[in-house]
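In what follows, a single structure is set out as structure tokens and then discussed.
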Amino acid sequence: PAMAAKKEKAPKAGEAPKVELSKEFRAAAGPLEADIKAGKFEGMAARFDALSAQFKLPDEQFITGARRYEFGKATNNSAELRKAVLIMIDSKSTLNSNAAQLNAAAGQYAYNAQDFPDALARLSEAVRLGNKEPDTFILMAESSFRANKFPEGLGYADRAVAAKKALGQTAPADWYQRALSVAVKSKLPVEIAKWSRERVSAYPTAQNWRDALLIYKDGAKLEGQPALDVMRLIRSAK
């Protein structure tokens, strides 16, 4: 654009990237930032829409998204937060130093909005960019379950548990319970056996032992002596 500031040379290694902003953008963005700090929020969403439409340089778009995020946080507006994060991601600005974290946040906001396909797409991109957090995988699992993609979701749940183990931690009990419930509801016998076994391994309570053994007994259709052995094991496990 004619209004754009002259492009700076690429920074040397170790230097922060030069921010490319037009004078007109600085003049328009300054009052918005001041109003956010002052808590003057009336009509601000429309003002941000106008700012995004007028100023298209990557750094201008990123800063517009960052300021919009501040507005969303200050007003506890999840729709604005989601829109702000997407603006920052789509800006292609060098100021976006953690695209994996931004995509993970975008996935969380999409999930909260019950946009499960977009949640999966954003979270998958976060993983591709290096985000290997257990919570990212469990959110992918839940997004898949909500989209009726049960085997795929159980795969993500498995990755979430593995990521927890890699950190030397035990996954929460409700992760195992949720996966087992989905496996039972989906009538996936291999997954039912897997998750009942893994749950009792991680949380060997009397109830989990009972559930795992009864699931095994019924799934294998045991009769006679093998069935009696299982019932004796249930008694031994109290």
Side-chain angles (χ1 to χ4, degrees), residues 78-79 81-82 85-86 88-90 96-222 230 233-234 237:
S78 58
L81 289 169
R82 184 184 180 189
V85 169
L86 293 179
M88 287 188 276
I89 290 171
D90 294 340
N96 183 5
S97 60
N98 199 338
Q101 184 177 349
L102 282 177
N103 274 280
Q108 178 71 69
Y109 293 130
Y111 177 84
N112 293 346
Q114 298 187 21
D115 186 352
F116 304 120
D118 189 56
L120 279 169
R122 297 292 176 179
L123 294 166
S124 296
E125 179 65 4
V127 171
R128 187 188 73 80
L129 292 170
N131 185 309
K132 298 296 190 291
E133 292 296 321
D135 287 346
T136 298
F137 290 120
I138 204 65
L139 190 58
M140 293 175 78
E142 197 60 45
S143 298
S144 299
F145 296 155
R146 298 298 182 91
N148 296 321
K149 298 180 178 179
F150 302 119
E152 181 179 325
L154 291 170
Y156 290 131
D158 194 42
R159 294 178 72 178
V161 170
K164 273 288 190 183
K165 290 179 179 178
L167 295 173
Q169 302 170 3
T170 300
D174 60 344
W175 290 11
Y176 292 98
Q177 179 59 43
R178 176 63 167 150
L180 179 57
S181 297
V182 168
V184 170
K185 180 181 177 181
S186 306
K187 299 179 180 179
L188 300 171
V190 173
E191 293 290 340
I192 293 170
K194 166 188 167 62
W195 286 103
S196 64
R197 184 175 63 248
E198 290 205 7
R199 186 179 66 160
V200 78
S201 177
Y203 294 93
T205 66
Q207 183 64 48
N208 288 348
W209 263 112
R210 180 180 183 277
D211 291 348
L213 289 167
L214 288 178
I215 286 170
Y216 167 68
K217 173 178 174 292
D218 294 343
K221 296 180 170 44
L222 299 182
V230 171
L233 180 53
I234 289 175

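Checked options Val190, Leu180, Val182; the residue passing with Leu154 is Val182 (criterion: side-chain contact (heavy atoms from CB on, under 4.5 Å)). A side-chain contact (heavy atoms from CB on, under 4.5 Å) with Pro134 is found for exactly one of Arg159, Lys164, Lys165, namely Lys164.
Separating the CG atom in Asp218 from the CD1 atom in Ile192 is a distance of 10.5 Å, to the nearest 0.5 Å. Taken to the nearest 0.5 Å, the CD atom of Gln177 stands 7.5 Å off from the CG atom of Asn208. Atom OG in Ser181 sits 9.5 Å away from atom CZ in Phe145 (nearest 0.5 Å). The line from CD of Glu198 to CD of Glu191 is 9.0 Å long, rounded to the nearest 0.5 Å. One finds the CG atom of Asn103 at 13.5 Å from the CD atom of Gln108 (value rounded to the nearest 0.5 Å). From Leu123, atom CG reaches atom CD of Glu133 across 12.5 Å, with rounding to the nearest 0.5 Å.
Applying the ring pair (Phe, Tyr, Trp, His ring centres under 6.0 Å) rule to Phe116 yields the partners Tyr111; only residues at least two apart in sequence or on another chain are considered. For Phe150, there are no ring pair (Phe, Tyr, Trp, His ring centres under 6.0 Å) partners at least two apart in sequence or on another chain.
Of all heavy-atom pairs between Ser124 and Tyr156, the closest is OG-OH, 4.3 Å. Across all their heavy atoms, Ala119 and Gly107 have their closest contact at CB-O, 3.5 Å. Shown here for Lys132 and Val127, the closest heavy-atom pair between the two residues is NZ-O, 3.0 Å. Nearest approach of Ala141 to Ala157, heavy atoms of both residues: CB-N, 3.6 Å. The shortest non-hydrogen separation linking Tyr203 to Ala173 is OH-N, 3.3 Å. The shortest non-hydrogen separation linking Asp135 to Ile138 is O-CG2, 3.3 Å.
Taking 4.5 Å as the limit, some side-chain heavy atom of Leu120 sits within range of a side-chain heavy atom of Ser144. Counting only heavy atoms from C-beta outward, the side chains of Tyr216 and Leu222 approach each other to under 4.5 Å. Between Leu213 and Lys217, the closest side-chain pair of non-hydrogen atoms is not below 4.5 Å. In this structure, the side chains of Ile215 and Ser196 come closer than 4.5 Å at one or more pairs of heavy atoms. Between Val161 and Trp195, some side-chain heavy-atom pair lies under the 4.5 Å cut-off.
Distance alone, capped at 3.5 Å, places no donor-acceptor pair between the Ser201 side chain and the Arg197 backbone.
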* Between Arg122 and Ile89, is a side-chain contact (heavy atoms from CB on, under 4.5 Å) present by the stated rule, with each step listed? -> CA-CA 10 Å; Arg122 297 292 176 179; Ile89 290 171; 4.0 Å; yes
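For Lys194, the NZ atom sits in a packed shell: over 12 heavy atoms of surrounding residues, nucleotides or ligands are nearer than 6.0 Å. The environment of NZ in Lys185 is sparse: at most 12 heavy-atom neighbours from other residues, nucleotides or ligands sit within 6.0 Å. Around CD of Glu125, the count of heavy atoms belonging to other residues, nucleotides or ligands within 6.0 Å exceeds 12.
For Asn131 and Thr136, the side-chain atoms include at least one donor-acceptor pair closer than 3.5 Å.
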